[in-house]
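Okay, so here's the structure we're looking at.
By convention in this document, chain letters (A, B, ...) are assigned in the order of the sequence lines, proteins followed by strands, and residues within each chain are numbered from 1. Please read these numbers as outputs of a predicted model, since none were measured by experiment.
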Amino acid sequence: MKLPFSYYQNPDVIFLAKDLLGKVLFTEIEGETTAGIIVETEAYFGAHDKASHAYGNRRTDRTETLYSEGGISYVYLCYGIHHLFNIVTSVKDEPHAVLVRAVEPLIGKEVMEARRKMPFTKPAISAGPGSAAKALGIDRTFNKKDLTGEEIWLEDHGIRYPENQIAAVPRVGVAYAQEDAFLPWRFFVKGNKYVSKPNKFDPQD
DNA sequence: CCAGCGATCGCCT
DNA sequence: GGCGATCGCTGGA
């Protein structure tokens, strides 16, 4: 059930971003297990993507994690407040990654409610990358973790969404990436209430 | 060494 | 819908 290390080695980060919808993201922190179904992702196409921290093969202390082999987590602080969780994919030195933007609470809902101070019936509990990470208890200490380990991992529960239920639209908050800002590399489950706000519904529907 | 800013969120109007 | 919070990373001095 736990996704094997090989799953993350796939060189096609766009495929993986879409394939990760429906997979279940787990954390175990101080004996408390929480998990959510991934319902929204964004692909970041490494060195060739102006929206990526690793654009142009930029290497700094922060981006070094992105050059790990697939199956490692990349967590960083955004706006001084929010922790954003990414899944590093592909082979070593190919800095591809998938940002998890929203999850649907599945296991440990009470724990998530305490972390977020709101009932799990409120979509805001885990809609949006900062909220999803907080609900699952993910912070900076989760950077560079093995995603097949005992603290954070993913499972395949056989959840599959038909093609026509998945929207592919431009990514959020990457206007600075110029022409790359228009690439349809944000994927989400249409109509799922835990999907983050911007363009919750496919404009074509 | 330090000023500017970000893959956001929640509160206020 | 508008805006302030808040801090590590980044690149230029």
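The CG atom of A/Leu84 sits 10 Å away from the C1' atom of B/dG6 (whole-angstrom rounding). Put simply, OH on A/Tyr194 is 18 Å from C1' on B/dC9, counting in whole angstrom units. Atom P of nucleotide C/dC9 and atom CD of A/Glu64 are separated by 13 Å, given to the nearest angstrom. Protein atom CZ of A/Arg58 is 13 Å distant from nucleotide atom C1' of B/dA7, rounded to whole Å. Taking atom CZ of residue A/Arg115 and atom P of nucleotide B/dC9, one finds them 17 Å apart after rounding to whole Å. Following rounding to the nearest Å, A/His83 (NE2) and C/dC7 (P) show an atom-to-atom distance of 10 Å. Atom CG in A/Leu77 sits roughly 13 Å away from atom P in B/dC9 (whole-Å rounding). One interatomic measurement links the two molecules: NZ of A/Lys134 to P of B/dG10, which rounds to 7 Å at whole-angstrom precision.
Residue A/Arg62 is in sugar-phosphate contact alone, with no base atom involved, counting any heavy-atom pair closer than 4.0 Å across all strands shown. In this structure, A/Thr41 reaches neither bases nor backbone, as no heavy-atom distance under 4.0 Å exists between it and the strands shown.
Taking a cutoff of 4.0 Å between a charged side-chain nitrogen and a carboxylate oxygen, A/Arg160 and A/Asp19 do not qualify as a salt bridge. A salt bridge links A/Lys50 to A/Glu179: at least one charged side-chain nitrogen sits closer than 4.0 Å to a carboxylate oxygen. At a threshold of 4.0 Å, the pair A/Asp12-A/Lys18 does not count as salt-bridged, since none of the basic side-chain nitrogens sits closer than that to a carboxylate oxygen.
In this structure, the nucleotide among C/dT10, C/dC9, B/dT8 sitting nearest to the side chain of A/Thr63 is C/dT10. Checking B/dA7, B/dG6, C/dC9 against the side-chain heavy atoms of A/Tyr79 singles out B/dG6 as nearest. With C/dG11, C/dC9, B/dT8 as the choices, the nucleotide that has an atom nearest any side-chain atom of A/Val172 turns out to be B/dT8.
With a cut-off of 3.5 Å on both Watson-Crick or G-U wobble distances, the partner of B/dA7 is given as none.
OP1 and OP2 of B/dA7 both lie 4.0 Å or more from every side-chain N or O belonging to A/His82. Put simply, A/Arg186 has no side-chain N or O that comes within less than 4.0 Å of OP1 or OP2 on B/dA7. Within the structure, every side-chain polar atom (N or O) of A/Thr60 is placed at least 4.0 Å from both OP1 and OP2 of C/dC9. In this model, the phosphate group of B/dG10 is approached by a side-chain N or O of A/Arg116 to a distance below 4.0 Å at OP1 or OP2. When the side-chain nitrogen and oxygen atoms of A/Arg101 are compared with OP1 and OP2 of B/dT8, one or more of them lie within a distance under 4.0 Å. Residue A/Tyr76 places no side-chain N or O under 4.0 Å from the OP1 or OP2 atom of C/dC7.
Positionally, the nearest nucleotide of DNA chain C for A/Ile81 lies more toward the 5' end than for the other of A/Ile81 and A/Tyr74.
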Exercise for the section: Determine, step by step, whether A/Tyr7 and A/Lys23 satisfy the side chain to side chain contact (heavy atoms under 4.5 Å, CB included) criterion, reporting the C-alpha distance in whole Å, the side-chain angles of both residues, the deciding distance to 0.1 Å, and the verdict. Expected result: CA-CA 12 Å; A/Tyr7 174 83; A/Lys23 300 296 188 289; 4.0 Å; yes
Practice task
Kindly determine whether A/Leu136 and A/Phe85 satisfy side chain to side chain contact (heavy atoms under 4.5 Å, CB included), including the steps that lead there.
Solution key: CA-CA 10 Å; A/Leu136 291 167; A/Phe85 169 73; over 6 Å; no
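Below 30°, between 30° and 60°, or above 60°: for A/His53 and A/Tyr74 the angle between ring planes is above 60°, a perpendicular geometry.
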